Structure formats: C-alpha cells, structure tokens
*Asks:* 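First the structure, which I've put down as structure tokens, then a few questions once you've had a look.
Chain letters run A, B, ... following the sequence lines, proteins first, then strands; residues in each count from 1. Just so we're clear, the structure is a prediction, and the values are computed from it rather than from any experiment.
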Amino acid sequence: MIRDELRELVQQALAAAQDAGDLPAFAAPDVTLEHPQRIEHGDFAANLPLRIQGMARMKALDVAEALRARVPAHPAVTEVRVAPPGFLNLYLDPGWVADQARAIAGTGEAWPPLDIGGGTKTQVEYVSANPTGPIHVGNGRGAAIGSTLANVLRATGHEVQEEYYINDAGSQVGVFARTLYARYEQLFGRDAEIPENGYPGEYMRDIAARIRDEHGDGFLRPEGEPPDPQLGDEGIRLMVEQIREDLAAMGVEYDRWFEERSLQREGGPYDHVLALLREQGHIVEREGAVWFASSQLGESKDNVLIRSDGVPTYFATDIAYHYDKFILRGFDRVIDVWGADHQGHVSRVKAGITATGGDGDALDVLLYQLVTLKRSGAVVPLSKRAGEIVTLREVVDEVGRDAARFFFLLSSAGSAMDFDLELAKRETDENPVYYVQYAHARIAGVLRNADEQGLSAEGADPSLLTHEAEQALIRKLLLLPEVLEEVVEELAPHRLPHYAQELAQSFHVFYTQCRVLGDDEALSRARLLLLEATRIALARTLGLMGISAPERM
RNA sequence: GCCCCUGUAGCUCAGUGGACAGAGCAGCGGACUUCUAAUCCGAAGGCCGGAGGUUCGAAUCCUCCCGGGGGCGCCA
C-alpha cells in the first residue's frame, strides 16, 4: 500500500543523509507516517525530524531539511515540504491519485489485495454462550466483533476458522436438565417446581412443550425420581439449534461447533492435560480439591481444576480446550472474544497453555465490555435467571440485522455501550447504517442509468478526475487498506464502521458537486470509473462487517 | 483492599505521543425544474473527570485523587 512505499522513501532519505554526512550516524527509530488533520499539511507527514533531533544534536528543522533534500523521486509524490516545528510533509500527485481509480476498478472485488497474515492458521472463537438459554444482547456484540474480525483476517491473508464452544458439560447443564424436567412434568399436570437457582424463563416451557410434542410422555418417570439424562441432552440440542438460528439471523455462520463434552472422553484432551500437568509438577491437592499450582508460574493465585465433589471446573476443561486448539489442531494463533466479566480468566488460561506445551502469547483474548440494555432509558436486566430477558433475536427482529451489526461494531470493544431499544427502533431513518447503504444504492442507481444510456467506464481517462471532491473521494478509497491493517494489528473492528461513514460522506459530497451523467461524455466515463471504484470499496467494507450493500433503497 | 476496563460537545461515541481536539444524533439557519433530499451547505456547541510530573510537544505516557463498569482459590 502507498503508505508503506512512502515510509520506505523517508527511510531511504535518512540512510542517504547519514551516508553523505548531512546527518550524524546513529540508530534511528522506524519511520512512521500519519495523515495530518489539515489538508495544507499534505497527505502524509513524518515526525521523524522531531523524534531524532536529540540524537542528531541538530535543530528539528535542519534535520527535516537534510531529509527533504534526499527523498528519492516517486511517481505518487509531487512535493515534499518542511514545516515547523519540524515535520516532513508529503503531497500526493493529483494525476497519480486520479489513476488509482483505474487501479481499483481494474482489480475489482478483490481490492484491496493484502497479505498481512501470510497464511497464518488462525482461529477466532466467539460468543460461546452457555446453551442453557437463548443468547442475549451482550452476546450480539461478541458476535458482531468476532465475525467481523474473522472476515477481515480472512481478507488479509490469514487462514481462518470460526468456532463456537458449547459449554455442555458443566454443572449448569444439570440445573438446566432439572429445570426442563420440572417444566415437562408440569405439562402433564404434575405439581413440580423448578429447582433453586434454576432457569425460570419462559423459553424453558417452550422447550419442554417441543419435547412433549415430539416424544409425548416418553421422558416421564415415576414421581420423585430424577430425570432421564437424555432429556437434558435433548434440551441442550434444541437450545443450541435455536442459538444457531438466532446467530444466523445476524449473519453469523461458524465453521465448527465444538462440544465441551468431547474433551472429556476417556483418554481425551482433558485426561491428557491433567496427566501432563501432574508430570510437570503443576498439580497440588488441597482441601479435597485438585489445584493448578499457577502461583508458581507467576499467577496471583492457584486455581481449582477438580472440585472436592469430583467435578472438573470450567477452567480445567478450558485448558484442555486450548490444548486441543494449539497442540492437537495446530493453530498458529487463536483469538478468543470474551465478555469483560471473563477478564480474570485470561492470564490463567495463558498460563495453562504454556504449562501444557503451548505458547500462551499465541492466544489473544479480545475482551469487550458488556452491553447495558435499556428500554426508554431504564436498565433492563440481562440475566438468564431473571424472568424477563431480552434476546438477541428480539433486537435483530426489531431493528434489523444490518443496523444491529453496525450498532454493535461502532464502539471500541473496551468501552461499555448502551443499547436503548426504543432509540434503536426509532432510528429507522437516522441510523448511520442507512447513510452508508444509501451511498451504495445511489451508485448502483447511476450505474443502472448509465447502462440504459449505453454509457460505461470503458476507455475512461482518469486524468479528468481533477475536481476537489473527486480527489478527496479517491484519497478516501486509498485509506481502506490502512484501515484493514489497523483492524488486524489492533484487533479493532470498530474502525470499519467509522471508515464506512467517512467514505460514504466523501461520496455524497462528490455526488452533490459532480454530475456523473452529463453533456461531456469523456468526463462521464471518467466519473463512472470512479463510481465503480467507490462501489467496490463500499461493498467490501459493508461485506466485511456482514452488512448488506443494497442496489436500491 | 488488590487487578482490569472506562471518564472527550446536550446524547452516543471516535481520536491513545504531534501541528488550531473530531463524527453521528438532538437543536438552530439555509439548499430539491438537475443521475435517489435516507442527501448537501452553514453557524453554534469542549478547563478532553481533577491535580502534579515526563517530553521540543500530552486527550494520549507516569504518579496520586474522584466517578462509572467488571473481576478477585472449588460459577461459567
């Protein structure tokens, strides 16, 4: 991408200036380029002179001048200027900029071609909510973040697998089964009560009814006897099926649904990991429980692996799960997207990975702060145990998949967000997603009109794209590769919707100021070329976010 | 008590070492005989939670304090 090429130019200028003795010899930091806020400061700016003025024992302005004189010629650069207090400002050549419209349109849907990953085998695991209830709004945020991140990684040369981890083995599954059985018994007129700490939500009645519809009283046992274990399994199966459908409604599809239970089969990863930890001396038995002696590994405390009642903890199976990811399946890199309430879990899982032969640093955990759901300003509790829960499905049905995804992606994972249902519902016209989609629909409309007139970008001369709005739009297009790189390097998918809005704005301004289908046929063709390039970038950005790019609105 | 996240315009949020701090929404004033006005243009709105410090330069880094959220040996 152009930024990397220009960075290299400045790097070369530095080396040349030092070789020539214009600057003293010293090890300089890597060159970084940024986009100045003010257009008069150029398209790119290097602050290198300011950063090395001390090492060079020269005034920043003199350093800048020494560098400026040595910057090699480049077809994209029309001018290099020194600006106080010591910046080196680079100005792109308008002819080169205009020609990028042709380059983009010529590359087509594959633009921008980026290989950051080099085929790195990467797994993104996200949502992974307990299958004891429908997924809620907070999980929706994880879904939007995880799937968008996976899309961008795939688009930048990573070999990506998306996975959902089904927690079907913990103690909560037993509580789920007993709750389900109580609801099931109630359907047959029995006076059963759901257990303490059970799941009081209405959805449990629905699942019980579905099982009755399919199996009749086949799961009914003599009163007072515990439920058939297969009833719980059937309930989990139905719940997972619903979760799958709810996520699909938001455009989320996984490559694999991984069952926690599969780790615990005889001689499986769980057994193996425990034996491994024991061999390595990481196991301590105390107070009737089995502990991971993680404090010896720099953790703040030890953690229980097997509770005194003999049941393994979630933590124990999670070590086995990550052993499975890294060692058995050979992922080079794993990204787990978790809610911030799992924050305390991060460092101990990394310690567990390292202790079982993996590299804890190959795991990136992207924590997102929880979503506060509001209804007319009042906080709505999200707990599955509360009677009233608002499901993700409900929100998606109300505001639409596109708006829901855009909304979830808009704020950075680290900041808590409010999701006001009334606001989201009211936002039909004013939601920013429509602003972006409308830009795409407008382009599609003009391309249709051009087609009817028998006009196309065929043989277009991009050098006609000299208007300020045209130039600004192309410069905005050229930002997409940089944005994708930042999304990957900072695990920051929220940059995408912000970029989408900027791109749409640049287009709308262009559309207002520049008529595409006018009297000047050569200009029309050039502008059609620009429209094609813009449509490619816009559709790509929307597609990576899992948001549709409509032809009409 | 300790750890993590967070505090920026009325609201929702970007910006996390650069040059005069940004956007959307709300509110105010304009623009449709012209490829879609779900659009555009303009004005207004800020001790960047507070106080010190580091730096040529701090919303950004460090220390302390205040507010909000989350976590802290047998829940997941």
*Asks:* Starting at atom CZ of A:Arg515, determine the distance to atom P of B:A37, rounded to an integer number of angstrom.
*Replies:* 10 Å
*Asks:* Pick base, sugar-phosphate or nothing for A:Asp451, based on heavy-atom distances below 4.0 Å to the nucleic acid.
*Replies:* nothing
*Asks:* Could you walk me through whether A:Phe44 and A:His35 pass the ring pair (Phe, Tyr, Trp, His ring centres under 6.0 Å) test, one step at a time?
*Replies:* CA-CA 5 Å; A:Phe44 292 92; A:His35 296 281; 4.6 Å; yes
*Asks:* So, OP1 or OP2 of B:U36: does either fall under 4.0 Å of a side-chain N or O from A:Asn449?
*Replies:* yes
*Asks:* Does the separation of the ring centres of A:His440 and A:Phe507 fall below 6.0 angstrom?
*Replies:* no
*Asks:* When we call it a touch if two heavy atoms are under 4.0 Å apart, what does A:Arg495 touch: a base, just sugar-phosphate, or nothing?
*Replies:* sugar-phosphate
*Asks:* Select one nucleotide: of B:G24, B:U36, B:G70, the one nearest the side-chain heavy atoms of A:Gln343.
*Replies:* B:G70
*Asks:* In whole Å, what is the span from the OH atom of A:Tyr314 to the P atom of B:C74?
*Replies:* 16 Å
*Asks:* Determine the minimum heavy-atom distance between A:Pro493 and A:Leu149, stating which atoms define it.
*Replies:* CD-CD1, 4.1 Å
*Asks:* For A:Leu503 and B:G24, give me the distance from atom CG to atom P, rounded to whole Å.
*Replies:* 15 Å
*Asks:* Map A:His345 and A:Ala340 onto RNA chain B by nearest heavy atom, then report which one ends up closer to the 5' terminus.
*Replies:* A:Ala340
*Asks:* Going by side chain to side chain contact (heavy atoms under 4.5 Å, CB included), A:Leu496 matches just one of A:Ile547, A:Leu484, A:Leu542. Which one?
*Replies:* A:Leu484
*Asks:* Salt-bridge test for A:Asp30 and A:Arg7: reply yes if a basic N is under 4.0 Å from a carboxylate O, no otherwise.
*Replies:* no
*Asks:* Is the phosphate of B:A38 approached by A:Tyr438 (side-chain N or O, under 4.0 Å from OP1 or OP2)?
*Replies:* yes
*Asks:* Are A:Tyr438 and A:His508 close enough that their ring centres sit under 6.0 Å apart?
*Replies:* yes
*Asks:* Please tell me which of A:Asp418 and A:Pro36 maps to the more 5' nucleotide of RNA chain B, matching each residue to the nucleotide holding its nearest heavy atom.
*Replies:* A:Asp418
*Asks:* Output the rounded distance in Å from OH (A:Tyr368) to P (B:C5).
*Replies:* 18 Å
*Asks:* With heavy atoms under 4.0 Å as the rule, sort A:His494 into base, sugar-phosphate or nothing.
*Replies:* sugar-phosphate
*Asks:* Please tell me which of the listed nucleotides, B:A76, B:G69, B:C35, lies nearest to the side chain of A:Arg348?
*Replies:* B:A76
*Asks:* Is A:Arg307 close enough to B:C75 that one of its side-chain N or O atoms is under 4.0 Å from OP1 or OP2 there?
*Replies:* yes
*Asks:* Is there a side-chain contact between A:His498 and A:Leu410 (heavy atoms, below 4.5 Å)?
*Replies:* yes
*Asks:* Starting from P on B:A76, measure out to CD1 on A:Ile166 and report it in whole angstrom.
*Replies:* 17 Å
*Asks:* Quote, to the nearest angstrom, the C1' distance that separates B:A9 from B:C62.
*Replies:* 28 Å
*Asks:* Would you mind classifying the nucleic acid contact of A:Ser412 as base, sugar-phosphate or nothing, using non-hydrogen atoms under 4.0 angstrom?
*Replies:* sugar-phosphate
*Asks:* Report which part of the nucleic acid A:Ala441 touches: base, sugar-phosphate, or nothing (heavy-atom distance under 4.0 Å, all strands).
*Replies:* base
*Asks:* Of the non-hydrogen atoms in A:Leu61 and A:Pro85, which two are nearest, and what is the gap between them?
*Replies:* CG-O, 4.0 Å
*Asks:* Between B:A19, B:A76, B:A14, which nucleotide gets closest to the side-chain atoms of A:His342?
*Replies:* B:A76
*Asks:* Enumerate the residues from residues 516-528 of chain A whose closest heavy atom to RNA chain B is under 4.0 Å, giving them by residue number; use none for an empty result.
*Replies:* A:Val516, A:Leu517
*Asks:* Reckon A:Asn303 touches a base, only the sugar-phosphate, or nothing at all at heavy-atom distances under 4.0 Å?
*Replies:* nothing
*Asks:* Kindly point out which of B:G24, B:A76, B:C41 is positioned nearest to the side chain of A:Thr313?
*Replies:* B:A76
*Asks:* Reckon A:Glu40 touches a base, only the sugar-phosphate, or nothing at all at heavy-atom distances under 4.0 Å?
*Replies:* base
*Asks:* Can you find a side chain N or O atom of A:Arg442 that sits less than 4.0 Å from OP1 or OP2 on B:A37?
*Replies:* yes
*Asks:* How far does the P atom of B:U16 sit from the matching atom of B:G22, given to the nearest Å?
*Replies:* 14 Å
*Asks:* Would you mind calling B:C41 syn or anti? Take O4'-C1'-N9-C4 for purines or O4'-C1'-N1-C2 for pyrimidines, and syn is within 90° of 0.
*Replies:* anti
*Asks:* Give me the atom names and distance for the closest heavy-atom approach of A:Val127 to A:Asn139.
*Replies:* CG2-O, 3.8 Å
*Asks:* Describe the nucleic acid contact of A:Tyr511 in one word from base, sugar-phosphate, nothing, applying a heavy-atom distance below 4.0 Å.
*Replies:* base
*Asks:* Taking any heavy-atom pair under 4.0 Å as a contact, classify A:Gln53: base, sugar-phosphate, or nothing.
*Replies:* base
*Asks:* Please determine if a side-chain N or O atom of A:Thr512 lies less than 4.0 Å away from the OP1 or OP2 oxygen of B:C41.
*Replies:* no
*Asks:* Report yes if a side-chain nitrogen or oxygen of A:Gln37 is closer than 4.0 Å to either non-bridging phosphate oxygen (OP1 or OP2) of B:G22; otherwise report no.
*Replies:* yes
*Asks:* Quick one: closest heavy-atom pair of A:Phe292 and A:Ile319, and the distance?
*Replies:* CD2-CD1, 4.5 Å
*Asks:* Pick the P atom in B:A43 and in B:C56, then give their distance to the nearest Å.
*Replies:* 38 Å
*Asks:* Which heavy atom in A:Ala101 sits nearest to a heavy atom in A:Ala533, and how many Å separate them?
*Replies:* O-CB, 3.7 Å
*Asks:* NA contact type, A:Ser415, heavy-atom cut-off 4.0 Å: base, sugar-phosphate, or nothing?
*Replies:* sugar-phosphate
*Asks:* The side chain of A:His498 lies closest to which of these nucleotides: B:G18, B:C40, B:A14?
*Replies:* B:A14
*Asks:* Indicate, yes or no, whether a donor-acceptor pair under 3.5 Å links the base of B:C20 to the side chain of A:Arg38.
*Replies:* yes
*Asks:* Determine the interatomic distance between P on B:G71 and the same-named atom on B:A76; round to the nearest Å.
*Replies:* 15 Å
*Asks:* Contact class for A:His41 (heavy atom, under 4.0 Å): base, sugar-phosphate, or nothing?
*Replies:* base
*Asks:* Would you write the dot-bracket representation of RNA chain B, where each base gets (, ), [, ], | or . depending on whether it forms a Watson-Crick or G-U pair under 3.5 Å and with which partner?
*Replies:* (((((((..((((....[...))))..((((.......))))......(((((..]....))))))))))))....
*Asks:* Does B:G73 have A:Trp291 stacked on its base, where the ring centres are within less than 5.5 Å and the planes differ by under 30°?
*Replies:* no
*Asks:* Could you give the CD-to-C1' distance, from A:Glu34 to B:A19, as a whole number of Å?
*Replies:* 9 Å
*Asks:* Measure across A:Leu367 and A:Ala413 and return the closest heavy-atom pair with its distance rounded to 0.1 Å.
*Replies:* O-CB, 3.6 Å
*Asks:* Between B:A76 atom C1' and A:Asn130 atom CG, what is the distance in whole Å?
*Replies:* 6 Å
*Asks:* Name the nucleic acid region contacted by A:Ala45, choosing base, sugar-phosphate or nothing; use a 4.0 angstrom heavy-atom cut-off, strictly under.
*Replies:* base
*Asks:* Nearest-Å distance, CZ (A:Arg141) to C1' (B:U12)?
*Replies:* 12 Å
*Asks:* Over 60° means perpendicular and under 30° means parallel, so tell me whether A:His345 and A:His342 are parallel, tilted or perpendicular.
*Replies:* perpendicular
